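A, B, ... follow the sequence lines: proteins, then strands. Residue 1 opens every chain. As the structure is a computational prediction, the values presented were derived from the model and not from experiment.
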Amino acid sequence: MHIEIKDKPFEPYQYLLEYQDETGFAGKYGATAVFVGSMREFNQGEDVSAMTLEHYPGMTEKYLQKISEEAATQWNILDSLIVHRVGEMLPNDPIVLVAVWSAHRAAAFDASRYLMEELKSRAPFWKKESLTDKTRWVEKNT
Amino acid sequence: MHIEIKDKPFEPYQYLLEYQDETGFAGKYGATAVFVGSMREFNQGEDVSAMTLEHYPGMTEKYLQKISEEAATQWNILDSLIVHRVGEMLPNDPIVLVAVWSAHRAAAFDASRYLMEELKSRAPFWKKESLTDKTRWVEKNT
Amino acid sequence: MIGLQAEIRKQENTIFMTDAVINIKFFASLREQVGLADVQISKAGVSTVMDAWNRATENRDMPENTLMAVNMDYVSAEHTVKVGDEVAFFPPVTGG
Amino acid sequence: MIGLQAEIRKQENTIFMTDAVINIKFFASLREQVGLADVQISKAGVSTVMDAWNRATENRDMPENTLMAVNMDYVSAEHTVKVGDEVAFFPPVTGG
């Protein structure tokens with residue numbers, strides 16, 4: 001179980017390649033479910049040129065850890081990973097990477113979706129978008 | 001929409017890195033849901049040392065294409081990818097990679113799971129496992 | 001004249017080989033059980049997928065759960081077959 | 001004597017600064033609206049998270065949907081606060 005807050009751009013698939021190499025469970029898992037959230041260049045009808053992601057240091061890690069533990073309690077999984085960007089980012093930049101490893105696919109699918117939904121509703125992150133002529137806080141996660 | 005049958009080992013995350021570089025939808029997608037199925041070294045209570053994946057050339061591609069089109073009809077997705085191994089493989093080798101790109105996460109999650117479930121129930125692939133002292137056909141997908 | 005008759009016979013054979021047959025395929029455990037991979041059978045007297053099975057396997061019992069496809073689409077045993085069809089028999093699929 | 005009284009006063013201040021306060025944090029749009037990021041308030045007369053809001057913001061109306069945390073756990077406005085607590089106010093989260 002690993003969580004990480006990144007203040008610099010990261011490449012999710014490169015991250016997974018390296019992370020999996022370090023784990024000791026090669027041959028144990030039959031299923032890996034991965035979710036990557038990326039910054040879009042368009043939101044709520046407007047072009048978005050940049051974004052700032054603010055977080056609550058300490059509480060964010062605590063909640064990412066908490067939801068990871070909840071997932072491990074609810075499903076029979078081998079490992080989970082959450083990586084989340086903060087700071088200044090540009091369109092197409094990865095924002096979040098969630099991955100779950102399990103013996104069979106149902107647990108990986110269910111747990112990865114759980115992690116994303118809980119992260120979206122409980123982890124203290126906030127997005128501020130830069131439009132052509134102004135900035136705006138994203139008000140609600142959909 | 002891309003489907004591919006591989007008769008040699010492939011690295012799913014490396015594949016995704018290269019595939020995404022070639023697509024023209026950077027900045028359009030906010031969500032990527034990925035599933036990787038890998039060969040386990042243990043199945044139904046026995047150690048598995050190797051596996052052979054047989055398929056029905058022509059029909060397999062036809063069904064992977066068909067389920068990809070079904071997913072694109074049912075969900076608002078930008079692209080989907082299915083890569084599946086055939087031939088001789090070893091524990092920890094990736095068997096299948098499914099990926100779906102969409103603007104918002106629900107479609108990517110739903111469509112990727114649909115692709116996997118439909119692939120498992122309809123695409124003509126068959127697994128034969130090598131155990132310590134014999135081989136056996138996997139009789140049923142769980 | 002002998003040459004011509006041979007040519008006619010050859011043409012008839014060719015017609016028979018390419019036009020009046022059904023192509024049968026078996027896969028995976030069923031291929032091993034039946035001992036056949038690819039065979040051609042004559043269309044004569046074969047109307048359905050079940051008939052094709054019976055002709056190709058010499059009336060062997062079809063295992064429960066056998067899946068059938070005609071021209072790479074799933075069908076039932078009652079599905080009608082035509083000359084030139086590709087009929088496949090295989091066990092439940094186990095990919096992914 | 002003057003030096004000693006100053007020392008006593010300094011110690012009292014130190015005790016006040018580290019022990020009799022509540023630490024308040026505001027994030028994101030709420031930080032900008034309230035115009036405060038991190039503040040300390042005296043614990044005196046502050047029993048609940050709502051009291052802490054009122055003290056820190058000088059009785060500003062709390063926006064609907066404001067989320068509250070004490071020591072990095074979500075709580076309601078009626079949650080009791082203790083000396084040394086970290087109380088945070090922020091808008092709905094929008095990560096992921």
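Ring-plane geometry between A:H55 and A:F125 is classed as parallel, the angle between the planes falling under 30 degrees on a 0 to 90 degree scale with a further cut at 60. Relative orientation of the D:Y74 and D:F90 rings is perpendicular, given thresholds of 30° and 60° on the angle between their planes.
Atom CZ of D:R60 is separated from atom CH2 of D:W53 by 6.5 Å, given to the nearest 0.5 angstrom.
Using a 4.5 Å cut-off between heavy atoms, A:Y63 contacts chain D through its side chain alone, with no backbone atom that close. Heavy-atom distances place the backbone of A:S121, and not its side chain, under 4.5 Å from chain D. Heavy atoms closer than 4.5 Å to chain A are found in the backbone of D:N71, but not in its side chain. Neither the backbone nor the side chain of A:R136 comes within contact range of chain D; no heavy atoms are under 4.5 Å apart. With a 4.5 angstrom heavy-atom cutoff, D:A28 touches chain A via backbone and side-chain atoms both.
Among the candidates A:K66, A:E139, A:K120, A:K140, the residue making the largest number of heavy-atom pairs closer than 4.5 Å to chain D is A:K120. Of the listed residues (A:G37, A:S38, A:A123), the greatest number of heavy-atom pairs within a distance under 4.5 Å of chain D belongs to A:A123.
Residue D:D73 places its CG atom among more than 12 non-hydrogen atoms of other residues, nucleotides or ligands, all under 6.0 Å distant.
Residues A:E4 and A:Y19 bring no donor and acceptor atom of their side chains to less than 3.5 Å of each other. Looking at A:Q65 and A:E69, their side chains do bring a donor and an acceptor atom within 3.5 Å of each other.
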